[in-house]
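As the structure lists them, so they are numbered: ligands from 1, and atoms in each ligand from 1.
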Amino acid sequence: MLVLEGIRKVYGEGGDNPVEALKDINLEVEKGEIFGVVGYSGAGKSSLIRCVNLLEKPTSGKVIVNGKDLTTLPPKELRTERKKIGMIFQQFNLLHSKTAFGNVAMPLILEGRSKEQIETKVRKLLSFVGLEDKADHYPEQLSGGQKQRIGIARALATDPHVLLCDEATSALDPDTTNNVLEVLKQVRDELGITILLITHEMNVIRDICDRVAVLDGGVIVEQDTTLNLFTEPQTEIARSFVRTVLNDALPEATLAKVLEKGASNSVYRLLYKGDSANNPLLSDVAKKFAVDINVIHGTITELQGQPFGNIIVEFNGVREEIDNAVAFIEGEQVTIKEVVSDAV
Ligand SMILES: Nc1ncnc2c1ncn2[C@@H]1O[C@H](COP(=O)(O)OP(=O)(O)O)[C@@H](O)[C@H]1O
Ligand SMILES: [Mg+2]
């Protein structure tokens, strides 16, 4: 549906201070997917998303949407193809002199649609985002979440196949964020629109993305399904993003205190996903082996409808019994790792 091939973006090329914001980005977003790109400030996220609809022209590389390489299209064809790509922004970018209705109508007016067509379409879009009663309100009379929903309605006016979201919830509080994310899910589920979103907020990725890429210094350093990335992040930066929502780090002081006991205990991190999270694993271990179990720290969360547990436990007992318990847990499709320092 959306393919980026070898995208490079250099600002100020040939000048004194060129900035290479994107280096060889390769990405493939499937039809009907919600794909997230996460990265810290300055990673190149906005550059990346703006290259997709050619708001920024990539220095090199291809942007293939629906089989067409946008970078090689003549201006007229590019305009047509661009209508199939909607975009929403962190600061909403609404026209303050226009009502909610007027803002949503804008792309249709630009397309030269009839008054009747515009009336019908705008009412339908306002109702889709749950704001039919706000048609005559001006942006300043709307909350942040309502403004973003108007932004979404406007982006949908040209019946896009793809919706790009540039930090669409970063200016919103958590409740409002959830509300806007629900609307985005509805855009995908009910309209079948493919969504590429960029964010620095890992909760957004957790809540609606099917897959995620981590962008750092203009490079995609890791890419996976949301479930895999959360449960088995491979890079330090992905781990640090995961930790912003799954606070699984054990304070070093707590760990040191537990480990003080020496040979009679060991500390382990257990990662459960899917069905294995539903088994009463620890009580089985306590029954089968002569070990005392002390849960020190833990989070159980839901990722893409699947439970995911990340807990740290202390096992007390003789070495052999602890080793047997660990072997038993490994056989239950639970990842278990000894924790010696929590820089894991
Ligand atoms: N128009 C521009 N001119 C020069 N440098 C830019 C421009 N836009 C972005 N940059 C630089 O490119 C890098 C990536 O920026 P950006 O894509 O905005 O990252 P993000 O959205 O992840 O914060 C930064 O170093 C930024 O300063
Ligand atoms: Mg940005």
- Query: According to a 4.5 Å side-chain heavy-atom criterion applied to Ile, Leu, Val, Met, Phe, Trp and Tyr, with indirect links allowed, do Val65 and Leu197 form part of one hydrophobic cluster?
  - Reply: no
- Query: Do Phe289 and Val334 share a hydrophobic cluster (ILVMFWY, side-chain heavy atoms under 4.5 Å, transitive)?
  - Reply: yes
- Tyr268/Phe315 under ring pair (Phe, Tyr, Trp, His ring centres under 6.0 Å): CA gap, chis, key distance, verdict: CA-CA 8 Å; Tyr268 294 91; Phe315 288 163; 5.5 Å; yes
[X] side chain to [Y] main-chain N or O, any donor-acceptor pair under 3.5 Å?
X	Y	result
Ser127	Glu132	no
Thr169	Leu172	no
Thr226	Asp210	yes
Arg188	Ile208	no

Give one line per pair: atom of ligand 1, protein atom, distance. Only N/O to N/O under 3.5 Å.
unit_1: ligand 1; atom_1: 17 (O); unit_2: Ser47; atom_2: N; d: 2.9
unit_1: ligand 1; atom_1: 17 (O); unit_2: Ser47; atom_2: OG; d: 2.5
unit_1: ligand 1; atom_1: 19 (O); unit_2: Gly44; atom_2: N; d: 3.1
unit_1: ligand 1; atom_1: 21 (O); unit_2: Ser46; atom_2: N; d: 2.9
unit_1: ligand 1; atom_1: 21 (O); unit_2: Ser46; atom_2: OG; d: 2.9
unit_1: ligand 1; atom_1: 22 (O); unit_2: Ala43; atom_2: N; d: 3.2
unit_1: ligand 1; atom_1: 22 (O); unit_2: Gly44; atom_2: N; d: 3.0
unit_1: ligand 1; atom_1: 22 (O); unit_2: Lys45; atom_2: N; d: 2.8
unit_1: ligand 1; atom_1: 22 (O); unit_2: Lys45; atom_2: NZ; d: 2.9
unit_1: ligand 1; atom_1: 23 (O); unit_2: Gly42; atom_2: N; d: 2.6

- Task: Give a yes or no on whether Lys84 atom NZ has more than 12 heavy-atom contacts from other residues, nucleotides or ligands under 6.0 Å away.
- Result: yes
- Item | Val204 and its side chain to side chain contact (heavy atoms under 4.5 Å, CB included) partner, picked from Leu184, Val212, Ile198, Leu181 | Leu181
- Task: Show all protein N/O/S atoms under 2.8 Å from the Mg ion (ligand 2), or state that there are none.
- Result: Ser46 OG
